[in-house]
Amino acid sequence: LLSSNDSLSSLLSSVIIFINTENKTFMRKSCINIKPLTNASELHNTRHKELDYVRKELSPLNESWTDDRYQGKSFGQIRKDIAERYQTQVRQKMQAKAKPLREGVVVLDDHVTLNKLKELAALMEATFGIKTIQIHIHRDEGHVDADSREWKPNLHAHMVFDWTKPDGRSQNLKRDD
């Protein structure tokens, strides 16, 4: 595991390198872009929303995982649980503008597996205390190149995070973490 001085981007880089050296392949540079969770995230990730950039015949190749601690709970219920924990521990209401749930989009190549992303989730929790609620690998998104008429997949995964400490307060990472 990495020390607490290592950044999240370094953590991701080391995991991506690990993923690919094990398969004896090399991957283009990857990144993870983390932002507050949106209301549309759950519908998009679970494909309960019609999307024009999705090839439905590829949708069975998508993979999803939910951490047992969050099984059967909606994002609304998880946020409510966090707010209750915060109020119990801090003795004040969580601010309405608080963003305890976040989503990261990880750029993938076709060699990255759900198990490797679960390993990344475990490393993020051990290193930063960030708990991964769900992982969704999307292999059905992309576009048709205008010139070649060839399908260009947009391989990526959505990782949904509980960005709080045990008392319900937000994890305070620096920009470089």
Side-chain angles (χ1 to χ4, degrees), residues 8-9 11-13 15-16 18-20 22-23 25 27-83 96-125 128-164 170-171 173:
L8 186 56
S9 58
L11 174 63
L12 178 63
S13 296
V15 172
I16 296 299
F18 169 71
I19 289 168
N20 289 289
E22 188 177 280
N23 291 324
T25 62
M27 186 173 107
R28 66 183 183 268
K29 220 176 207 182
S30 187
C31 66
I32 184 168
N33 185 13
I34 300 172
K35 294 184 176 182
L37 189 70
T38 67
N39 292 334
S41 293
E42 197 162 21
L43 294 174
H44 171 85
N45 292 342
T46 58
R47 294 296 187 249
H48 288 106
K49 180 181 180 182
E50 192 83 17
L51 303 167
D52 62 357
Y53 50 87
V54 166
R55 285 182 53 184
K56 291 181 183 176
E57 72 273 14
L58 297 176
S59 294
L61 300 175
N62 292 347
E63 294 181 80
S64 294
W65 168 83
T66 301
D67 185 292
D68 290 341
R69 296 172 286 188
Y70 303 95
Q71 202 64 252
K73 293 184 178 183
S74 69
F75 293 149
Q77 182 59 53
I78 294 168
R79 190 183 197 293
K80 183 180 174 193
D81 292 348
I82 291 168
K97 66 179 183 177
K99 306 290 185 193
L101 302 179
R102 311 234 175 139
E103 179 176 30
V105 178
V106 184
V107 178
L108 304 176
D109 70 14
D110 50 356
H111 299 290
V112 178
T113 66
L114 182 59
N115 283 336
K116 292 300 177 187
L117 290 173
K118 287 164 66 174
E119 287 179 30
L120 173 60
L123 283 170
M124 290 175 67
E125 185 166 357
F128 299 104
I130 298 167
K131 297 167 288 301
T132 302
I133 298 169
Q134 296 176 347
I135 300 172
H136 301 276
I137 297 177
H138 290 159
R139 295 188 175 97
D140 58 355
E141 291 184 37
H143 68 280
V144 176
D145 183 85
D147 297 327
S148 69
R149 308 299 306 152
E150 184 180 326
W151 173 253
K152 300 288 185 184
N154 173 13
L155 300 176
H156 64 279
H158 295 262
M159 297 178 75
V160 179
F161 305 109
D162 174 346
W163 206 266
T164 61
S170 182
Q171 292 287 357
L173 301 180

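Keep in mind it's a predicted model, so treat the numbers as computed, not measured.
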So does Glu63 pair up with Arg139, basic N to acidic O under 4.0 Å? yes

If you measure from CD on Glu119 to CE on Met124, what distance do you get to the nearest 0.5 Å? 14.0 Å

Indicate whether the side chain of Asp81 and that of Gln77 have a donor and an acceptor atom separated by less than 3.5 Å. yes

Pair Thr164, Asp162: side-chain N/O donor-acceptor within cut-off below 3.5 Å: yes

Report yes if some heavy atom in the side chain of Lys35 is under 4.5 Å from a heavy atom in the side chain of Ser41; otherwise report no. no

I'd like to know whether Phe75 forms a side-chain contact (heavy atoms from CB on, under 4.5 Å) with Thr38, so could you lay out the CA-CA distance, the side-chain angles of the two residues, the decisive distance to 0.1 Å, and finally the verdict. CA-CA 10 Å; Phe75 293 149; Thr38 67; over 6 Å; no

Would Leu101 and Ile82 count as a side-chain contact (heavy atoms from CB on, under 4.5 Å) if you check the C-alpha gap in whole Å, the side-chain angles of each, and the deciding distance to 0.1 Å? CA-CA 9 Å; Leu101 302 179; Ile82 291 168; 3.9 Å; yes

Hey, are the side chains of Trp65 and Leu117 touching, using non-hydrogen atoms and a 4.5 Å cut-off? no

Using the rule salt bridge (Lys or Arg N to Asp or Glu O under 4.0 Å), only one of Lys56, Arg55, Arg47 pairs with Asp140; which is it? Arg47

Are any of the side-chain nitrogens in Arg69 or Glu125 under 4.0 Å away from the carboxylate oxygens of its partner? yes

Between Thr132 and Ile135, what is the shortest heavy-atom contact and its length? CG2-CG1, 3.8 Å

Nearest 0.5 Å, what's the CG-CD1 distance between Leu37 and Ile78? 9.0 Å

Compare all side-chain heavy atoms of Leu58 with those of Trp151 and state whether any distance is below 4.5 angstrom. yes

List the steps and the verdict of side-chain contact (heavy atoms from CB on, under 4.5 Å) for Val107 and His156. CA-CA 5 Å; Val107 178; His156 64 279; 5.6 Å; no

With a 3.5 Å distance limit and no angle check, can you tell me whether His138 reaches the backbone of Leu155 through a side-chain donor-acceptor pair? no

Test side-chain contact (heavy atoms from CB on, under 4.5 Å) on Gln171 and Phe161 and set out the steps. CA-CA 11 Å; Gln171 292 287 357; Phe161 305 109; over 6 Å; no

Would you say Asn45 and Val160 make side-chain contact, with heavy atoms under 4.5 Å? yes

Find out whether Ser64 and Gln134 are in side-chain contact, i.e. whether some heavy atom of one side chain is under 4.5 Å from a heavy atom of the other. no

Quick one: pull up CG in Leu123 and CD1 in Ile130 and give me the separation to the nearest 0.5 Å. 12.0 Å

Side chain to side chain donor-acceptor pair (under 3.5 Å) partner of His44, the single match among His158, Lys49, Glu103, His136: His158

Is any side-chain heavy atom of Trp163 less than 4.5 Å from a side-chain heavy atom of Lys131? no

Answer whether the closest heavy-atom distance between the side chains of Asp67 and Ile133 falls below 4.5 Å. no

Glu141/Lys152 ion pair, N-O < 4.0 Å: no

